[in-house]
There are 2 protein chains.
Amino acid sequence: MVADVPLPTPADASEAAPGAAAAPAFSPLYRQIKDLITRELQGGVWKPGEAIPSELDLAARFKVSQGTVRKAVDELAADNLLVRRQGKGTFVATHAEQQIQYRFLRLMPDDGGDRAMARRLLDCRRTRAPADVARMLECKSGDAVVQLRRLLLAEAQPVVLDEIWLPGGPFKGLTAERLADYKGPMYGMFEAEFGVRMIRAEERIRAVVADAASAELLAVPPGAPLLSVERQSFTYGDKPVELRRGLYNTTRHFYRNELN
Amino acid sequence: MVADVPLPTPADASEAAPGAAAAPAFSPLYRQIKDLITRELQGGVWKPGEAIPSELDLAARFKVSQGTVRKAVDELAADNLLVRRQGKGTFVATHAEQQIQYRFLRLMPDDGGDRAMARRLLDCRRTRAPADVARMLECKSGDAVVQLRRLLLAEAQPVVLDEIWLPGGPFKGLTAERLADYKGPMYGMFEAEFGVRMIRAEERIRAVVADAASAELLAVPPGAPLLSVERQSFTYGDKPVELRRGLYNTTRHFYRNELN
DNA sequence: AAGTGGTCTAGACCACCTG
DNA sequence: AGGTGGTCTAGACCACTTA
């Protein structure tokens, strides 16, 4: 249980983001443990939904005290990478859970009713990344990508029109059929079928007017105001793996945000 | 340092929100300590920006170990009620700080330039709460309220038109002069001059079209799409103390949101 | 040098879940 | 009963700030 090294050793700081503040150069033990666990998660050692070893197991494995493991796991749970369940264990977070279903969809119905929405896939094709898409996916212009468009409907009325871009490599084999057949949330499919887990996203929200094509799909008059939600999603290591451009009809819904 | 009571005692659950889930009935020691500290913050025992007693002081005062105080303070820091500074102490969070300046304004310029915006007060008057405002402020329709409107300008161009409603009681003495004279963020003034500290807010975002009056003030054509941001702000005890309706011109700015 | 928060340890016991 | 996470304690030492 006692570490041979009495002091925290230098952390692996080789992946420090360019443009960020000066590298910390040193990090406490619990943060090194956190990085080690993150790396195992990234490597798929434990699959989404599975339990990871108990704190005592991990403490023995890393030759640190349980308290140190605990602090590392606490932070990973705060980051939504792990889920703790008292008496049962600690589990790899998954998008396939009911509770976490709406972590990434902030749209709420005005009347506080059912949030469930039906999906309708419009098209799904493999193509080459335009310059702007390539920039957001951090790949090269012209690289293989999957482009898909879909509608989300609440009570049979279209509310969201999404255009989604995915890198071709990780999503090799993604077809309209597989998408249409899959039950459950799309991010759940991505992690289960392609091993790509979305852990964080940034959204840029604007008000725009509907063009003719979007208006027809969303069943609103051309020129109607729509919420434009551009989302860049990241997986482990802050690597962007999705670009999503959504148009939301906010007549009977609103985008809910919490400021802390 | 040893508590006479070997087990966590029942927490004060008298303020459980109606409609919430079943009351927890018991809470760990560190959460009781957290509630005690919160109550002192709420009571203004320590002013925003001031240091609170050291962890060892608090531990002695509450007759618990430092670790227990530490966990309580950790949570309060995570909630942005306190700010820890290594080697210096723990301080009451304040809106008057440069770092925290933009915690509640999520608007970013497209070009990544300066976020600083100029304020222009349009009007400030005392009136009676309309029904919808009263509901959001959890007061009675017709109660005294302060209504004010203002513009935020980026590089001399109007970008945000805010209509703000405040309860008349806590904000007695708020005048256009005092608002115009005050340097620094408005929430900083609220906490310094009126003892009202905003700690949390919920926003409902929609796309709308500009009416004639708003269009003129924001220098956009009538019918232009605008972001409607309705904010309900809360102080200690989840008590709503502000209703704010903003119209954002998102031509050169966007609302930035992070999904975790 | 003294005081603060930050890290780490070791051990005890509790609350919860499962067999 | 045994395993898991959750709480609490006591003490050591480190890193940072100030005087």
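In what follows, every chain begins at residue 1, and chains take the letters A, B, ... in the order their sequences are listed. Predicted model, so just to flag it, every value in this text is computed and none were measured.
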Any side-chain N or O of B:T68 below 4.0 angstrom from OP1/OP2 of D:dT9?
yes
5′-ward residue of the pair A:K71/B:D57 relative to DNA chain C
B:D57
Can you measure A:D74 atom CG to C:dC8 atom C1' for me and round it to whole angstrom units?
15 Å
It should be established whether A:R70 places a side-chain nitrogen or oxygen under 4.0 Å from OP1 or OP2 of nucleotide D:dG6.
yes
Out of D:dG5, D:dC8, C:dT9, which nucleotide sits closest to the side chain of A:L29?
C:dT9
Side chains of B:L81 and B:L41, heavy atoms from C-beta outward: is any pair under 4.5 Å?
yes
Counting just side-chain N and O atoms, does B:S54 come under 4.0 Å of either OP1 or OP2 of C:dT4?
yes
In whole angstrom, give the distance that lies between atom CZ of B:F91 and atom P of C:dG3.
16 Å
Could you tell me if B:N257 and A:N257 have a donor-acceptor pair between their side chains, going purely by distance under 3.5 Å?
yes
Tell me every residue that passes side chain to side chain donor-acceptor pair (under 3.5 Å) with B:D79, counting only those two or more places apart in sequence or in another chain.
B:K34
Whole angstrom is fine here: how far is it from NZ in A:K63 over to C1' in C:dC8?
17 Å
Separation of A:L56 atom CG from D:dG3 atom P, in whole Å?
11 Å
With sequence neighbours excluded, residues passing side chain to side chain donor-acceptor pair (under 3.5 Å) with A:E258
A:R256, B:R200
Lys/Arg-Asp/Glu bridge criterion (N-O < 4.0 Å) met for A:E193, A:R178
yes
Check whether any side-chain N or O of B:T90 sits under 4.0 Å from OP1 or OP2 of C:dT4, and answer yes or no.
no
List every contact pair, protein side and nucleotides 17-19 of chain D side both N or O, where the distance is under 3.5 Å.
{"unit_1": "D:dT18", "atom_1": "OP1", "unit_2": "B:K88", "atom_2": "NZ", "d": "3.4"}

B:T94 vs B:E97 side-chain heavy atoms within contact, under 4.5 Å:
yes
Provide, to the nearest angstrom, the distance between the CD atom belonging to B:Q66 and the P atom belonging to C:dG3.
14 Å
Could you tell me whether A:K47 and A:E191 make a salt bridge, using a distance below 4.0 angstrom between a side-chain N and a carboxylate O?
no
I need the CD1-P distance between B:I52 and C:dT4, as an integer number of Å.
12 Å
Please report the distance, rounded to the nearest Å, between CD1 in B:I33 and C1' in D:dT7.
13 Å
I need the OH-P distance between A:Y30 and C:dG6, as an integer number of Å.
9 Å
